Amino acid sequence: MPELPEVEVTRRSFANAIEGAQVLAVRLGKALRWPLGCAASNLVGRSVQGVGRRGKYLLLEFDQGWLLLHLGMSGSLRFAAASELAPSGAHDHFDLITTLGTLRLHDPRRFGAVVFVESLADTAARKLLGRLGVEPLSDSFSAELFFIELKQRQAAIKQVLLMGEVVVGVGNIYASEALFMAAIRPTVRAQRLSRARVARLHAAIVEVLTRAVEVGGSTLKNFSSANGESGCFQLETMVYGRAGLPCRICATPVKLLKQGQRSTFYCPTCQKL
DNA sequence: CACGGATCCTGATGGC
DNA sequence: TGCCATCAGGATCCGT
């Protein structure tokens, strides 16, 4: 589910509200992808300094230590007063109960994770964050560096985008959308892209992610931000989820193919090799 | 080392 | 209605 825009929208939806909160208790449900990394009681008494983001991870900063949260495919967060929150359901696997409200992770498929580390330099944190590529919405994402990185990759450009080792946060929806916007065929090997085409892709990634954040992300099944709001980027996709439907630019039927077990959507007319 | 495939888990959907 | 196969926004691990 959540790619960079959904994670960023989630972050913004509760970062201010949770700042300064002190942890009163923690409730754990079923196991997520990885264990918490410490006793739940170890979090009690810590206070939240802020909420950051690295790729698709949310970084909850305590006065001491960090909580790394990942939403996996089906995760979403809520932050609300305990009185507004329903009793925890079958798919609510983590509650951080604080003086300012409860932060709850809802994740039916349990590909998500909540991991505590004392420091971002800890091996546990480095294992999760250490190989991540550049942040696409930061100044350090430059077309020239992007070009140099892509020159070293032989895999299909769509796959390279999904890997997250060159640039983070671009998942299955936005990879297809950015490649369409840049008029690049998803199957082209990354290293074969010219400087000019990489520059177009660079701009397209920034544009599509920025736009998606603006409209609250994509709500395909049940994504919502931590205050319960849905996104609407899914209404304006050019190719994602539109197999067989006419391209919004040229009316050629949108094609669907599988790359690494994932669906890729593209327009065979607009996106040239 | 870089790549491709299998894999974790549950729910929704579509065909028969 | 039931059963089964297929498919989902992710990312790690393992074999080649």
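These numbers were taken from a predicted model, which means no experiment stands behind them. Only heavy atoms go into these numbers, but all of them, side chains included; no hydrogens, no water, no symmetry mates. Chain identifiers are assigned alphabetically (A, B, ...) following the order of the sequence lines, protein sequences preceding nucleic acid strands; residue numbering begins at 1 within each chain.
More than 12 heavy atoms of other residues, nucleotides or ligands shown are found within 6.0 angstrom of CG on A/Asp63. Within 6.0 Å of the CD atom in A/Glu214, the count of heavy atoms belonging to other residues, nucleotides or ligands exceeds 12.
Summary of the strand contacts: A/Ala156 and A/Lys30 both lie near DNA chain B, and taking for each the nucleotide with the nearest heavy atom, the more 5' one is attributed to A/Ala156.
Between A/Leu150 atom CG and B/dC3 atom P the separation is 11 Å, expressed in whole Å. When the P atom of B/dA2 is taken as reference, atom CD of A/Glu149 falls 10 Å away, rounded to whole Å. Going from atom CD of A/Gln154 over to atom C1' of B/dC1 covers 11 Å, rounded to whole Å. Following rounding to the nearest Å, A/Arg242 (CZ) and C/dA8 (P) show an atom-to-atom distance of 16 Å. Summarising the geometry, the separation between CG on A/Leu32 and C1' on B/dC8 is reported as 12 Å, rounded to the nearest angstrom. A straight line from CD of A/Glu8 to C1' of C/dG9 spans 17 Å, rounded to a whole angstrom. Remark: P of B/dA2 and CZ of A/Arg131 are 7 Å apart, rounded to the nearest angstrom.
A/Leu209 is listed as a side-chain neighbour of A/Tyr174, based on a closest heavy-atom distance under 4.5 Å.
Between A/Phe14 and A/Phe79, the two ring planes are tilted [angle within 30° to 60°].
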message = Within the 4.0 Å limit for protein heavy atoms, which parts of nucleotides 11-16 of chain C are touched? Write it as a string from 5' to 3', B for base, S for sugar-phosphate only, - for none.
response = BSS---

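Among the heavy atoms of the strands lying under 4.0 Å from A/Tyr240 are primed sugar atoms or P, OP1, OP2 only; no base atom is included.
Residues A/Lys258 and A/Thr264 have side chains that never bring a donor and an acceptor to within less than 3.5 angstrom of each other.
One finds no side-chain N or O of A/Ser74 lying less than 4.0 angstrom from the OP1 or OP2 phosphate oxygen of C/dA8. Contact between the side-chain N/O atoms of A/Lys258 and the OP1/OP2 oxygens of C/dA8 is found at a separation under 4.0 Å. Under 4.0 angstrom from either OP1 or OP2 of B/dC9 there lies no side-chain N or O belonging to A/His91. For the pair A/Gln261 and B/dA6, the criterion of a side-chain N or O lying under 4.0 Å from OP1 or OP2 is met.
The side-chain contact (heavy atoms from CB on, under 4.5 Å) with A/Asn172 is formed by just one residue from the set A/Glu177, A/Lys158, A/Gln259; it is A/Lys158. Of the residues A/Val115, A/Leu43, A/Leu103, the one that meets the side-chain contact (heavy atoms from CB on, under 4.5 Å) test with A/Leu67 is A/Leu43.
Paired regions of DNA chain B, where each region holds three or more successive Watson-Crick or G-U pairs whose two hydrogen-bonding distances fall under 3.5 Å, are B:2-8 with C:10-16, B:10-16 with C:2-8.
Here A/Glu207 contributes atom CD and A/Arg200 contributes atom CZ; the two are 13.0 Å apart, rounded to the nearest 0.5 Å. Atoms OH and CG, from A/Tyr57 and A/Leu132 in turn, are 7.0 Å apart once rounded to the nearest 0.5 Å. Taken from CG in A/Leu71 to CG in A/Leu32, the straight-line distance is 10.5 Å, to the nearest 0.5 Å.
Taking atom P on both B/dA6 and C/dT6, the two are 13 Å apart, rounded to the nearest angstrom. With both ends at atom P, the span from C/dT12 to B/dG11 equals 24 Å, rounded to whole Å. Rounded to whole Å, the separation between the P atoms of C/dC7 and B/dG5 comes to 15 Å. The same atom, C1', is picked in B/dC3 and in C/dG9; the two are 23 Å apart, to the nearest Å.
A heavy atom lying under 4.0 Å from DNA chain B marks the following residues of residues 102-120 of chain A, by number: A/Pro108, A/Arg109, A/Arg110, A/Phe111.
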inquiry  = The test is side chain to side chain contact (heavy atoms under 4.5 Å, CB included); show your working for A/Ile157 and A/Ile184 and say whether it passes.
reply    = CA-CA 9 Å; A/Ile157 182 60; A/Ile184 292 169; 4.2 Å; yes

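A salt bridge is absent between A/Glu6 and A/Lys56: the closest approach of a Lys/Arg side-chain nitrogen to an acidic carboxylate oxygen does not fall below 4.0 angstrom.
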